[in-house]
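Structure first, then comments.
Sequential numbering from 1 along the given sequence is applied to the chain's residues. Just so it is clear, the structure is predicted and the values come from calculations on it, not from any experiment.
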Amino acid sequence: MSAVQNRGIFLTLVAQLDRLARHNRQGSFRTKARYYEACKRFCAYLAAEYHLQKLENISGKHLVSYVLYLQDTGKSASTVKTDLAAIRFFHDKMSCPKYTLPTNSELGVELERRRFGQLDRTWSGPEFNRLLGKAMAENRDDFILALYLGRYAGLRIHECFRIDTAAAERALRENTLAVKGKGGKVRTVPIEDERIPMMLRKLLAQTERGHKLLVPDGMPTDRAINALELFIYRYRNEVSDKDSDRRLSFHGLRHTYAAEQYTKLTEDGMSAIDAHYAVSRLLGHERADVTNIYLASVRKRGRDGE
């Protein structure tokens, strides 16, 4: 099914959601807005993965699949639970739902599980290249730039989608990225791969001045981000190495960047402590234990080689 058809199904589902939201008088304004946006993301998932045309037809299998998708894309347990609450909230507003939705305990998936810890979340070179090939085949220059920024600059997915024309022009002038991360903290990341400026120039030529490079006009930023996450999710099994049990996600590209930077710095003679600190600054971390998570794969390889 084409992207245009998926978009049409998504809009049909959102129209149904709008009818439910229009008559809702429960909850605070903030809660209603949060629940509505959560259900819009669920609609995007249903359109892309199931081509489902009626919200009244959602069932437990759709919830289970969506939970696994959210976990695979790095969403926290609290976020997953809030999204499930939002879906059930609007499901309860339906006049004739086809199925009764299972409770969290009945889903059969562990909502508290963490996808990082000491697991290796890095991508191999062939895996990254195979996904790039998929993006190129679909002429998704926006996805290609985002993948380069995650893999070769260590940007978080929302940091990629914040880049506007002014930030891109500055990056090309200074050969660095000024990245506004969590808590509004700004860090400077050097551009070390020539494909990043190449794609910045290409997208600048396609983007109206003052607009964001990776967010189409009229589309909410979270929808644009969700489109990339769904793209990765759709092709993940196909591009993964055959002997791999890792679940590829965009955030895993940030792990790949961290591991590569740490290895390069230590091989160049920097001490492990100084390399750890340097990687923390590149990633925008304030706590060393967070960076430890990103370097789990490096330490595991070190132990395996002993």
Side-chain angles (χ1 to χ4, degrees), residues 1-27 31-115 157 219-220 222-240 245 247-251:
M1 186 169 287
S2 70
V4 173
Q5 290 172 311
N6 283 343
R7 176 69 175 168
I9 293 173
F10 167 71
L11 293 175
T12 298
L13 293 176
V14 171
Q16 297 169 36
L17 174 63
D18 286 343
R19 285 195 291 273
L20 296 172
R22 193 174 300 126
H23 303 291
N24 173 45
R25 298 293 182 270
Q26 292 178 264
T31 298
K32 287 189 287 189
R34 169 71 178 83
Y35 277 14
Y36 177 78
E37 291 303 322
C39 282
K40 276 185 67 176
R41 292 191 293 271
F42 184 51
C43 289
Y45 179 82
L46 292 173
E49 294 300 313
Y50 289 97
H51 315 307
L52 190 75
Q53 309 232 8
K54 292 184 177 180
L55 284 179
E56 291 180 341
N57 290 341
I58 61 175
S59 66
K61 76 172 184 180
H62 300 120
L63 291 192
V64 170
S65 177
Y66 191 54
V67 166
L68 294 174
Y69 160 70
L70 291 175
Q71 290 178 332
D72 289 337
T73 52
K75 299 299 184 291
S76 68
S78 62
T79 296
V80 173
K81 288 181 178 179
T82 301
D83 281 15
L84 287 173
I87 294 166
R88 291 195 182 93
F89 176 84
F90 282 106
H91 187 263
D92 289 343
K93 304 295 179 187
M94 297 177 188
S95 57
C96 300
K98 188 172 182 179
Y99 303 99
T100 299
L101 298 183
T103 64
N104 287 354
S105 61
E106 294 169 338
L107 284 175
V109 292
E110 178 55 65
L111 297 181
E112 298 293 346
R113 69 176 176 170
R114 293 167 71 84
R115 304 295 306 178
I157 193 167
M219 178 182 288
D222 66 328
R223 279 277 297 123
I225 291 174
N226 188 241
L228 175 56
E229 291 178 323
L230 283 171
F231 172 80
I232 296 173
Y233 185 82
R234 187 181 314 127
Y235 290 116
R236 183 185 61 199
N237 291 337
E238 187 177 338
V239 305
S240 293
D245 59 356
R247 291 185 179 274
L248 301 179
S249 66
F250 185 89
H251 204 69

Yes or no on side-chain contact (heavy atoms from CB on, under 4.5 Å) for Thr79 and Leu70, after CA distance, side-chain angles and deciding distance? CA-CA 9 Å; Thr79 296; Leu70 291 175; 5.9 Å; no
Report the relative orientation of the aromatic rings in Phe231 and Tyr235; use parallel for angles under 30°, tilted for 30 to 60°, perpendicular for over 60°. perpendicular
Of all heavy-atom pairs linking Tyr66 and Ala38, the shortest is OH-O, 4.2 Å
Please round to the nearest 0.5 Å and tell me the distance separating atom CZ of Arg247 and atom CZ of Arg236. 5.0 Å
Closest approach of Asn104 to Lys81 (non-hydrogen atoms, all atoms of both residues): ND2-CG, 4.3 Å
Is the shortest side-chain heavy-atom distance between Leu107 and Pro102 below 4.5 Å? yes
So Leu63 and Phe42, side-chain contact (heavy atoms from CB on, under 4.5 Å) or not? Walk me through it. CA-CA 9 Å; Leu63 291 192; Phe42 184 51; 4.1 Å; yes
Do Thr12 and Cys43 have side-chain heavy atoms sitting under 4.5 Å apart? no
I'd like to know if Lys40 and Asp222 make a salt bridge, using a cut-off of under 4.0 Å between side-chain N and carboxylate O. no
How long is the span from the CZ atom in Arg19 to the CE atom in Met94, to the nearest 0.5 Å? 10.5 Å
Looking at OG1 of Thr82 and CD1 of Ile87, how far apart are the two atoms once the value is rounded to the nearest 0.5 Å? 11.0 Å
Can you see which heavy atom on Ser65 is nearest to which on Tyr233, and at what distance? O-OH, 3.9 Å
Is any side-chain heavy atom of Glu229 closer than 4.5 Å to a side-chain heavy atom of Lys75? yes
Do Leu46 and Leu55 have side chains that approach each other closer than 4.5 Å (heavy atoms only, starting at C-beta)? yes
So, for Ala44 and Asn226, which heavy atoms are closest and what is the spacing to 0.1 Å? CB-OD1, 3.4 Å
What heavy-atom pair brings Gln16 and Gln53 nearest, and what distance separates the two atoms? NE2-O, 2.7 Å
Apply side-chain contact (heavy atoms from CB on, under 4.5 Å) to Cys39 and Phe89, showing your working. CA-CA 10 Å; Cys39 282; Phe89 176 84; over 6 Å; no
Leu11 CG to Leu17 CG distance, which is reported to the nearest 0.5 Å: 12.0 Å
Might you point out which heavy atoms bring Ser95 and Glu56 nearest each other, and give the distance in Å? OG-OE2, 3.9 Å
So does Arg88 pair up with Asp83, basic N to acidic O under 4.0 Å? no
Please report the interatomic distance CD1(Ile9) to OH(Tyr50), rounded to the nearest 0.5 Å. 14.0 Å
Donor-acceptor contact present, side-chain Thr73 to main-chain Tyr69, <3.5 Å: yes
Rounded to the nearest 0.5 angstrom, the CG-NE2 distance for Asp72 and His251 is 13.5 Å
Does the side chain of Asn57 come under 3.5 Å of the side chain of Tyr99 through a donor N or O and an acceptor N or O? no
